[in-house]
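Before any comments, here is the structure.
Order of appearance sets the numbers: ligands from 1, and atoms from 1 within every ligand. All values below come from the heavy atoms of this structure, side chains included, with hydrogens, waters and symmetry mates left out.
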Amino acid sequence: MSSKVLSQFLQENLQELKEKGLYNVIDPLESANGPVIKIDGRELINLSSNNYLGLATDPRLKEAAINAIETYGVGAGAVRTINGTLQLHVELEETLAAFKKTEAAIAYQSGFNCNMAAISAVMDKNDAILSDELNHASIIDGCRLSKAKIIRFNHSDMDDLRQKAKEAKESGLYNKIMVITDGVFSMDGDIAKLPEIVEIAEEYDLITYVDDAHGSGVLGGGAGTVKHFGLSDKVDFQIGTLSKAIGVVGGYVAGKRELIDWLKVRSRPFLFSTALTPGDVAAAKKAIEILMDSTELQQKLWDNANYLKQGLKELGFNIGDSETPITPCIIGGEVETQAFSKRLNEEGVYAKAIVFPTVPRGTGRVRNMPTAAHTKEMLDRVLEIYAKVGKEMGII
Ligand code: PMP
């Protein structure tokens, strides 16, 4: 017999979410996740993926994955320390270290999993973590898991960070203090102030941790936000995901060899969860080789992003202060933002509404993610549709 308490809990809470318009309806794609997708038999220009460079459908990655599957099969067979480490995993990690210009790297099954793994392998209840208030959910959960004292600082507010670092250091309460930030913030597209963060870290002896999920493949000639600021030897943990610009799945930490050695013996998802599949590893490795070989895809991404941003601005939309290809179109209220996104969809553009509680009330936005795979014709069509819907709804 199923639990009545559970059933009541689920029904009440699902109902509440639906009434508040916060129940997320998930649309299954009937196509690959490319610049144009098919949903319910309709083709839509896709501005909602993190497939920044279009690599998720790149023939070179597909070929690498197929070859690896032919050789190694579809599954790694075990956790890494038992016998799940294939030569391919080692090669991927060596390639990642070369890509990030660090001594070593360790791969995990996802970016989320990587933050859960890495933070709690190093920090404990006698430590403190200074965390930007807009850090990603996986960072927040990783911090909680560590049981360290979590001290949030105002978003990218360096005075607040400095003050809190000083207080934490002078309190003498903590063995270790870490500062954690996203490299690029995914809702607004702004870049963390890493030079100041590193300076404060040096002043107060902080461990530095940068999650560059949205910066890798996009900034610093592809190597990410840390490289963009020339700080490769000044950041202890460089976190990345293999699921966004790299186009596959997985996450990683790049850093000093001793750090990676420690994570290999102490981080729980590495020790207790089956390794990435051979196909994923081979495709990810291929993607990184492509990025190290040429900046052509990044150039295309930035050209497309600049074109879309300029077009939306000229139409009169508020696109915030993004410094990266992430292009929010700020509409305001939750209901209005949802309605705007729905109308875009009806006209042929798939761009999701992002509203409270993901972003503050009144700053609901449709978030556009242009990629290297979009053509100018697609972006022109997007701008035509934005103009039509924006005028119709009195937004521009
Ligand atoms: N960190 C940040 C900053 C992210 O934006 C994301 C993805 N939303 C993740 C980690 C999780 O990465 P993954 O999708 O590879 O689990």
Side-chain angles (χ1 to χ4, degrees), residues 24 26 33 47-53 55-56 61 92 96 99-100 105-120 129 131-146 152 155-156 178-194 197 208-220 224-226 228 235 237-254 267-270 273-277 280-281 283-285 287-288 322-328 352 354 357-359 365 367-369 371:
N24 200 6
I26 301 170
N33 199 335
L47 286 173
S48 285
S49 87
N50 295 314
N51 179 21
Y52 285 108
L53 302 175
L55 287 171
L61 272 68
L92 171 67
L96 282 167
F99 177 53
K100 289 283 164 174
I106 176 172
Y108 292 94
Q109 301 86 341
S110 75
F112 201 106
N113 181 306
C114 175
N115 280 326
M116 304 293 279
I119 302 169
S120 60
I129 301 173
S131 177
D132 188 291
E133 65 177 336
L134 293 191
N135 277 344
H136 188 256
S138 56
I139 297 180
I140 296 169
D141 288 4
C143 291
R144 286 182 183 148
L145 192 62
S146 76
R152 297 201 320 166
H155 175 53
S156 276
M178 176 184 267
V179 55
I180 304 194
T181 184
D182 278 20
V184 171
F185 290 88
S186 58
M187 294 303 144
D188 292 293
D190 52 324
I191 303 175
K193 294 175 180 157
L194 290 188
I197 290 176
T208 45
Y209 188 112
V210 178
D211 177 350
D212 209 22
H214 287 275
S216 293
V218 175
L219 293 170
T225 312
V226 173
H228 170 76
V235 170
F237 288 76
Q238 289 196 55
I239 309 302
T241 170
L242 300 172
S243 66
K244 299 187 195 298
I246 303 300
V248 193
V249 73
Y252 60 92
V253 183
S267 55
R268 293 168 72 81
F270 185 85
S273 182
T274 299
L276 281 168
T277 74
D280 292 332
V281 176
K285 177 169 166 274
I288 295 156
S322 171
E323 300 167 88
T324 60
I326 296 171
T327 307
K352 287 293 244 189
I354 299 189
T358 308
V359 291
R365 77 267 327 259
R367 190 178 59 156
N368 301 284
M369 305 291 269
T371 72

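- A centroid separation of 6.0 Å or more is found between the aromatic rings of His136 and Phe185.
- Screening residues 181-192 for salt bridge (Lys or Arg N to Asp or Glu O under 4.0 Å) gives Asp188-Arg365 as the qualifying pairs, with residues at least two apart or on separate chains.
- Residues in residues 238-250 take part in no salt bridge (Lys or Arg N to Asp or Glu O under 4.0 Å) pair, two or more places apart or across chains.
- Between the side chain of Thr324 and the main chain of Gly189, a donor-acceptor pair closer than 3.5 Å is present.
- The main-chain N or O of Leu145 is never found under 3.5 Å from a side-chain atom of Asp141 such that the two would form a donor-acceptor pair.
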I'd like the atom pairs linking ligand 1 to the protein - N or O on both sides, separation under 3.5 Å - with distances to 0.1 Å.
residue  : atom   : partner : partner atom : Å
ligand 1 : 1 (N)  : Asp211  : OD2          : 2.6
ligand 1 : 5 (O)  : His214  : NE2          : 3.0
ligand 1 : 8 (N)  : His136  : NE2          : 3.2
ligand 1 : 8 (N)  : Lys244  : NZ           : 3.0
ligand 1 : 14 (O) : Ser243  : OG           : 3.4
ligand 1 : 15 (O) : Gly111  : N            : 2.8
ligand 1 : 15 (O) : Thr241  : OG1          : 2.7
ligand 1 : 15 (O) : Ser243  : OG           : 3.1
ligand 1 : 16 (O) : Gly111  : N            : 3.2
ligand 1 : 16 (O) : Phe112  : N            : 2.9

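- For Asn115, the side chain to side chain donor-acceptor pair (under 3.5 Å) partners at least two apart in sequence or on another chain are Ser138, Tyr209, Asp211.
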